[in-house]
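Proteins get letters first, then strands, A, B, ... in listed order; numbering begins at 1 in each. Keep in mind that what you see is a predicted model, and the values were worked out from it rather than measured.
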Amino acid sequence: MEHYIVQWKSVVAARLNAFAREKGLLGYRLSPYEIVAEKPPKPELGDIGFPLFSYAKQFRMAPAQIALEIANREHDMRADNVGRDWPGNLKAVGPYLNVYLDRTQAVDYLLAHSEESSWGTSSLFNGRKIMVEFSCPNTNKPLHLGHLRNNVLGESLARITAAAGAEVKKVDLINDRGIHICKSMLAYLAYGENRSPEDEGLKSDHFVGKYYVLFNKLKEEDPQAEQKAQELLQKWEAGDPEVIALWKKMNDWAVEGIMATYRRQQVSFDEFHFEHDTYKLGRKEVLDGLARGVFYRGEDGAIWIDLEDLGLGKKVLLRKDGTSIYITQDIGTAIMRHERWPFDELIYVVASEQQYHFKVLFEVLRRLGYDWAANLYHLSYGLVNLPSGRMKTREGTVVDADDLIDELTRLAAQEIVEKDRSEAVGDIQSVAEKIALGALHYFLLQISPNKDMLYNPEQSLSFTGDTGPYIQYMGARASSILRKYEQGEGNASRGTSGAALLASDADWPLVRLLLELSSTVEQSARTKDPSILAGYAHGVASEFSAWYRDNPVLNNDDANLSASRVALVRAVQSTLRRASELLCMPFLEAM
RNA sequence: GCGUUCGUAGCUCAGCUGGAUAGAGCGACGGACUUCGAAUCCGUAGGCCGCAGGUUCGAGUCCUGCCGGACGCACCA
């Protein structure tokens, strides 16, 4: 259904236009889209506020005067509400025109729809095919905290985009070739003695990562190590069977381990692309572009593009020897993807360090004549830093993904025991891991994607305050009330729920907030920013917390009031459940 | 040097297309568990929104300059 703000914008536009005609302002016509609406700072000021300052000039009247003129029209008032989903009253409040929604009708709507599977969805992106590329790990080491941010951003964005109506395809490009893998291989040859991850008791990707780190040791012992890694890469490209076999063995270990972390983090993909398949793609496109004069061959023999006019300098697209580089394969991969699944938008979730790369990539595709290049989007997110600065592999300051989830799970399990909730939650380990994911994902999503973020271990391991577990806790409390109701506690089952009983000042802030789920999902989808939804989820939890403190649900003598409040708690549960799902936070009935 | 981006309370962060008195959490201090779960709630203290101009009826938000941080400016990915 149309959002109430959208509806009332058109009412205000119609009224302003009518007033303009009365005043003889011919040709003056406002569209609803031009109307500025905002949320009044206090509930007693109404539900929507329309500032009228900007109309003062045209009407040659003070804004407060216009507000009075527009608000006090009885017959308009009736007309406004005919056939409307969101009836209400207009009042002049100083220079503002404020809408007071009919609360009973709004509650009716909430109770009628919040249990539906479509709750929190929208039709904003109906009919659009949107591809989201994220994660894209290297196969020489396990995932770290930076990947966790990438993964949850991509997964959450995909879910939000789908909730906004799009058909979404999640894709992952596994970087399974290149010099970094050769380094792990070389170190394994030097120190591995043909051992397997099982032999060393390590998760397979950690095993591979261990040898990547050992490459540094190798370099100290063998000054030729870098050189040898290069040779290994050349042998790999030449298809040397022995090298390929080793690569396959180590690569499978790495990928297997990475997939296990995905499952644990509850992120998934519809398609995997592997760089060893895609790295040769794009070469033909670049040569075609050369033939058509889009690119040029430099004196060095390599193929270049000149982007000086855009301030992007010159960039090599294909080496002198005809081999591909990073951008070559990205060109080919994008084209291949669009051919197979003609998307309306392709979102690359990649760290901000690669902004230049994507500017160049998109421009190359545009100049090659692909008009869909305009629909490519780089969702650039900031780096995750430590209080001591950037994570560095060599200094061993990298926060490992599996270790972090382990640690969070351990702490959550400890909390469960300390709070004496072991019996109530049942499977402690399973619930603890869900709390850990809630804490981790909320921590990573609450910050605007474009900002660098600080990972402060102490703070991020906290489960109190503005955290995922706080939201999970409120969901669990709502669930607990509903569970008791089902078990027959209180006298709500003897009463009848009625919207009018939930229209008081005490209920209204919560009701109105719950009604904003779908528009918040839309806003998050439009701006590609899950942090907006994260803030909303926290707001709902916090509002619910304040509400149920003051408004007894089951312990209530009035059976009808009790039944009505149970219905509202259902709406809260449903809303928190939906928001949590979109934020990759497991919803818990008990914790 | 050039480009991108960030700068809001002691710390970590919100603040939607410019609109009503700039908000949370943590930390500090003081309160609330014989009533639906205290991973909670209530209260107090804490702000030249980096600085200086400009646009506007109105600027934390837009523009310009400066200061400070991050990232980028590879035939690496």
Side-chain angles (χ1 to χ4, degrees), chain A residues 33 36-42 45 49-54 56-57 62-63 93-96 136 138 175 177-180 275 298 300-304 311-313 315-321 323-330 351-357 359 380 382-383 385 389-390 412 415-416 418-421 424 435 443 446-448 450-454 456 458-460 462-467 469-470 472-474 476-477 480-485 489-490 519-520 523 526-527 529 531-532 534-535 538-539 542 545-546 548-556 565 569 590-591:
Chain A
Y33 301 103
V36 175
E38 56 142 331
K39 193 172 176 173
K42 285 176 160 184
L45 292 175
F50 295 99
L52 299 178
F53 303 97
S54 55
K57 211 170 266 178
V93 183
Y96 292 85
C136 303
N138 288 339
N175 296 306
R177 66 169 280 279
I179 195 71
H180 45 283
E275 200 193 355
D300 52 7
I303 297 177
W304 294 74
L312 295 174
K315 180 86 187 166
V316 170
L317 299 179
L318 198 65
R319 290 195 189 97
K320 175 185 179 178
D321 61 8
T323 58
S324 297
I325 55 177
Y326 179 47
I327 195 164
T328 324
Q329 70 143 344
D330 264 358
S352 58
E353 3 174 48
Q354 297 196 34
Q355 286 187 68
Y356 171 72
H357 168 76
K359 277 185 186 168
S380 159
L383 271 50
N385 293 312
R390 197 168 177 169
E415 292 271 315
I416 291 170
E418 272 172 22
K419 292 179 197 304
D420 209 17
R421 298 287 303 162
I435 293 170
F443 182 79
Q446 72 180 140
I447 292 165
S448 307
N450 68 325
K451 288 196 180 172
D452 286 352
M453 65 181 285
L454 191 70
N456 187 322
E458 239 171 87
Q459 199 177 325
S460 61
S462 153
F463 297 149
T464 62
D466 185 4
T467 64
Y470 171 81
Q472 290 175 312
Y473 177 69
M474 289 308 159
R477 293 301 302 274
S480 168
I481 291 171
L482 295 174
R483 201 161 43 237
K484 289 194 163 153
Y485 164 73
E489 281 192 36
S519 62
T520 306
Q523 195 190 336
R526 217 175 34 234
T527 56
D529 183 355
S531 77
I532 292 167
H538 178 260
S542 169
S545 176
Y548 86 88
R549 179 195 64 235
D550 299 329
N551 299 279
V553 179
L554 299 175
N555 301 334
N556 204 305
R565 286 180 179 170
V569 173
M591 64 186 279

Quiz item: Can you check whether A/Leu383's main-chain N or O pairs, donor with acceptor, with A/Asp452's side chain at less than 3.5 Å?
Solution: yes

Quiz item: Side chain of A/Ser542, backbone of A/His538: donor and acceptor closer than 3.5 Å?
Solution: no

Quiz item: To the nearest 0.5 Å, how far apart are CE in A/Met591 and OG in A/Ser480?
Solution: 12.5 Å

Taking only the [atom1] atom of each, what is the distance from [N] to [M] in whole angstrom?
N: B/G47; M: B/U4; atom1: C1'; value: 29 Å
N: B/G18; M: B/U12; atom1: P; value: 29 Å
N: B/C6; M: B/C13; atom1: P; value: 14 Å
N: B/A52; M: B/C41; atom1: C1'; value: 45 Å
N: B/G3; M: B/U64; atom1: P; value: 12 Å
N: B/U61; M: B/G50; atom1: P; value: 8 Å
N: B/A59; M: B/A39; atom1: P; value: 46 Å
N: B/A22; M: B/C67; atom1: C1'; value: 24 Å

Between [X] and [Y], is any pair of side-chain heavy atoms under 4.5 Å apart?
X: A/Leu554; Y: A/Tyr485; result: yes
X: A/Glu38; Y: A/Phe50; result: no
X: A/Leu318; Y: A/Ile325; result: no
X: A/Arg565; Y: A/Pro552; result: yes

Any [X] side-chain N or O less than 4.0 Å from OP1/OP2 of [N]:
X: A/Arg483; N: B/G37; value: no
X: A/Lys451; N: B/A70; value: no
X: A/Ser448; N: B/A14; value: yes
X: A/Tyr326; N: B/A77; value: no
X: A/Ser480; N: B/C36; value: no

Measure from the side-chain heavy atoms of [X] and tell me the nearest of [options].
X: A/Arg549; options: B/C36, B/U4, B/C42; answer: B/C42
X: A/Lys359; options: B/U4, B/G19, B/C75; answer: B/U4
X: A/Ile481; options: B/C36, B/C75, B/C41; answer: B/C36
X: A/Met591; options: B/C71, B/A77, B/G37; answer: B/G37
X: A/Pro552; options: B/C36, B/C71, B/U5; answer: B/C36
X: A/Val316; options: B/C75, B/A39, B/A20; answer: B/C75
X: A/Leu454; options: B/C13, B/G72, B/A77; answer: B/C13
X: A/Gln459; options: B/C16, B/G25, B/G37; answer: B/G25
X: A/Asn175; options: B/C13, B/U5, B/A77; answer: B/A77
X: A/Phe463; options: B/A77, B/A39, B/C75; answer: B/A39

Mind checking [X] for me? I need base, sugar-phosphate or nothing, with any heavy atom below 4.0 Å counting as a touch.
X: A/Ala37; result: base
X: A/Asn556; result: nothing
X: A/Leu554; result: base
X: A/Ile435; result: base
X: A/Tyr548; result: base
X: A/Tyr96; result: base
X: A/Glu38; result: base
X: A/Lys419; result: base
X: A/Glu275; result: sugar-phosphate
X: A/Ala590; result: base
X: A/Ser545; result: sugar-phosphate
X: A/Asn138; result: sugar-phosphate
X: A/Lys57; result: sugar-phosphate
X: A/Pro63; result: nothing

Quiz item: What pattern of brackets, bars and dots sums up RNA chain B from 5' to 3', given Watson-Crick or G-U wobble pairs under 3.5 Å, [ ] for crossing pairs and | for another strand?
Solution: (((((((..((((.....[...)))).(((((.......))))).....(((((..]....))))))))))))....

Minimum-distance pair of heavy atoms, taken over all atoms of [X] and [Y]:
X: A/Val553; Y: A/Asn556; result: O-CB, 3.7 Å
X: A/Pro95; Y: A/Pro63; result: CB-CB, 3.6 Å
X: A/Phe443; Y: A/Ile447; result: O-CD1, 4.3 Å

Once you round it to whole Å, what is the distance between [atom2] of [N] and [atom1] of [X]?
X: A/Asn450; N: B/G7; atom1: CG; atom2: C1'; answer: 13 Å
X: A/His357; N: B/C73; atom1: NE2; atom2: C1'; answer: 14 Å
X: A/Asp550; N: B/U35; atom1: CG; atom2: P; answer: 16 Å
X: A/Tyr470; N: B/U40; atom1: OH; atom2: P; answer: 7 Å
X: A/Ile447; N: B/C6; atom1: CD1; atom2: C1'; answer: 13 Å
X: A/Lys39; N: B/G15; atom1: NZ; atom2: C1'; answer: 13 Å
X: A/Tyr473; N: B/G25; atom1: OH; atom2: P; answer: 16 Å
X: A/Glu353; N: B/C6; atom1: CD; atom2: C1'; answer: 16 Å

Exercise. Please figure out whether A/Asp452 or A/Ala476 has its closest RNA chain B nucleotide nearer the 5' end.
Key: A/Ala476

Quiz item: Starting at the 5' end of RNA chain B, which residue's closest nucleotide do you reach first, A/Ser352 or A/Gly49?
Solution: A/Gly49

Quiz item: Taking atom types as they are modelled, is there a donor-acceptor pair under 3.5 Å from the base of B/C11 to the side chain of A/Asn456?
Solution: no

Self-check item: A/Tyr326 and A/His357 aromatic ring geometry - parallel, tilted or perpendicular at 30°/60° bounds
Solution: parallel

Quiz item: Should we say atom CG of A/Asp550 is surrounded by more than 12 heavy atoms from elsewhere, each under 6.0 Å from it?
Solution: yes

